[in-house]
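The first residue in the sequence is number 1, and the count goes up from there.
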Amino acid sequence: MAFVVRAELFRRYSANTVSTFLFIAPVIGVVFGHWFLGEPLTWTVGLGGAIVSLGVLLVYRYTLSYNESCKSDHSCSII
């Protein structure tokens with residue numbers, strides 16, 4: 001199942017965008033560890049998760065704006 005999801009993501013988005021979202025996996029693992037196993041959440045863990053999430057958001061927003069500018073003026077075509 002994971003292969004099908006990953007293949008669909010690579011079909012829709014660039015490899016840079018998809019690989020950036022892989023950085024969210026440890027953050028989700030920490031959250032699930034807290035929910036299901038009662039692992040403690042400290043402010044440093046929260047800060048690290050916030051920094052990773054902000055980085056992914058910035059890359060994703062830049063990718064969206066870059067793709068939109070390429071669509072509007074066709075200046076990003078590969079020759």
Which pairs count as salt bridge (Lys or Arg N to Asp or Glu O under 4.0 Å) when at least one residue sits in residues 9-30, sequence neighbours excluded? Glu8-Arg11, Glu8-Arg12

Calculate, to the nearest 0.5 Å, the distance between atoms CH2 and CG belonging to Trp35 and Leu41 respectively.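 That separation rounds to 10.5 Å.
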
Check the hydrophobic clustering (I, L, V, M, F, W, Y; side-chain heavy atoms under 4.5 Å; chains of links allowed) and say if [X] and [Y] are grouped together.
{"X": "Leu47", "Y": "Ile24", "value": "no"}
{"X": "Val31", "Y": "Phe36", "value": "yes"}
{"X": "Val4", "Y": "Phe10", "value": "no"}

Sort and list the pairs that fulfil side-chain hydrogen bond (donor to acceptor under 3.5 Å, both in side chains) and have at least one residue in residues 36-50, not counting sequence neighbours. Thr42-Thr44

I need the single residue from Val45, Val56, Ile51, Val52 that forms a side chain to side chain contact (heavy atoms under 4.5 Å, CB included) with Val27. Which is it? Val52

